[in-house]
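Atoms within each ligand, like the ligands themselves, are counted from 1 in listed order. Every heavy atom of this structure was used, including side-chain atoms; hydrogens, water molecules and symmetry mates were not.
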Amino acid sequence: MKIGIIGTGAIGGTIAKKMAEAGHQVKINNASDIDQLNARAAELGVTAAQQKDVVKDVDVIILSLPTIAIPTLPKDLFADVPENVIVVDTSNYYPFRDADIEEIKNGKVESVWVSEQLGRPVVKAFNNLLAETLASGGKKPGAEDRIAMAVAGDDAEAKKVIAALVNDAGYDAVDSGNLSESWRHQPGTPAYCTELDAAELKQALADGVKENAPILRDKAIVELSARSSYPSHPDVVKFNRALFEKKPKTK
Ligand SMILES: NC(=O)c1ccc[n+]([C@@H]2O[C@H](COP(=O)([O-])OP(=O)(O)OC[C@H]3O[C@@H](n4cnc5c(N)ncnc54)[C@H](OP(=O)(O)O)[C@@H]3O)[C@@H](O)[C@H]2O)c1
């Protein structure tokens, strides 16, 4: 597939590298100057593109940006992008980083807000695994304890396409419902960054409590930031699992 990615940080960069390794044609754009963009593209084994070009002649566009950066994208960015091009949103809203976005704070589902900002349907994916998990936790299809990733959206065919990319990245895809249900894998839910297999993720998605998610999201940030040193990746996953009375990982 031809994939354009805007945002090449911990998540977007890893997706770019993995998609190129899986044989997809990948071009990228970020907020840096052209020399830095070229250097990042070379590092990831993909092609650099200007922002107006990264969305041209592609099958899938992946936005991997801080939520607050979404409204800064040019209003006409998608004007000439055909409707059948799938737009993926990997973002997670964190007030400490993204400042106040009143609608999300008042309960609007993050990727619904993103979709409204863009004026396009989006698929929410690649958001419920930590960057370290995404980079190094992948396994071949059928492998024991393969970690699963949630994919939400209103277009079943688009979700199938993205599920195949998730599989290429090394993860089982779990359909988490319509975009309005994607709060089930936002921060503060048992499905968020807890490294579950497909069966466990389905259960965790069902166990989420919408009203509790922002409270637990903020509690997690306060508790992790208060530590004298930032915990290791396994400790963060353990911490995330321990936020829930009904443990998401039962094995
Ligand atoms: N880190 C995680 O564990 C994780 C896990 C799942 C989902 N997410 C979510 O995925 C999103 C990306 O996360 P991340 O950790 O990859 O963030 P990150 O490392 O901070 O990278 C953000 C990327 O966005 C680019 N960017 C920012 N504003 C831009 C703009 N206006 N136009 C074009 N590019 C812009 C930055 O460009 P430069 O490189 O030029 O600065 C950078 O490449 C966030 O919403 C995050 O919450 C993160």
List, pair by pair, the atoms of ligand 1 and of the protein that are both N or O and lie under 3.5 Å apart, giving the separation rounded to 0.1 Å.
unit_1: ligand 1; atom_1: 3 (O); unit_2: A131; atom_2: N; d: 2.8
unit_1: ligand 1; atom_1: 10 (O); unit_2: T90; atom_2: O; d: 3.2
unit_1: ligand 1; atom_1: 10 (O); unit_2: T90; atom_2: OG1; d: 3.0
unit_1: ligand 1; atom_1: 16 (O); unit_2: A10; atom_2: N; d: 3.1
unit_1: ligand 1; atom_1: 16 (O); unit_2: I11; atom_2: N; d: 2.8
unit_1: ligand 1; atom_1: 19 (O); unit_2: A10; atom_2: N; d: 3.1
unit_1: ligand 1; atom_1: 31 (N); unit_2: T72; atom_2: OG1; d: 3.3
unit_1: ligand 1; atom_1: 34 (N); unit_2: A31; atom_2: N; d: 3.4
unit_1: ligand 1; atom_1: 37 (O); unit_2: A31; atom_2: N; d: 3.2
unit_1: ligand 1; atom_1: 40 (O); unit_2: A31; atom_2: N; d: 3.0
unit_1: ligand 1; atom_1: 40 (O); unit_2: S32; atom_2: N; d: 3.0
unit_1: ligand 1; atom_1: 40 (O); unit_2: S32; atom_2: OG; d: 2.4
unit_1: ligand 1; atom_1: 43 (O); unit_2: T8; atom_2: N; d: 2.8
unit_1: ligand 1; atom_1: 43 (O); unit_2: G9; atom_2: N; d: 3.2
unit_1: ligand 1; atom_1: 45 (O); unit_2: L65; atom_2: O; d: 2.8
unit_1: ligand 1; atom_1: 45 (O); unit_2: N92; atom_2: N; d: 3.2
unit_1: ligand 1; atom_1: 45 (O); unit_2: R97; atom_2: NH2; d: 3.4
unit_1: ligand 1; atom_1: 47 (O); unit_2: N92; atom_2: N; d: 3.4
unit_1: ligand 1; atom_1: 47 (O); unit_2: N92; atom_2: O; d: 3.4
unit_1: ligand 1; atom_1: 47 (O); unit_2: R97; atom_2: NH1; d: 3.0
unit_1: ligand 1; atom_1: 47 (O); unit_2: R97; atom_2: NH2; d: 3.2

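- The backbone N or O of A79 sits nowhere less than 3.5 Å from a side-chain atom of D76 that would complete a donor-acceptor pair.
- In terms of the ring-ring contact (aromatic ring centres under 6.0 Å, His included) criterion, Y230 has no residue partners (sequence neighbours excluded).
- A donor and an acceptor atom, one from each side chain of D89 and S111, are located under 3.5 Å apart.
- Looking at N29 and R40, their side chains never bring a donor and an acceptor atom within 3.5 Å of each other.
- Between K139 and E144 no salt bridge is recorded (no basic side-chain N to carboxylate O distance below 4.0 Å).
- A donor atom on one side chain and an acceptor atom on the other are not found under 3.5 Å apart for T90 and N127.
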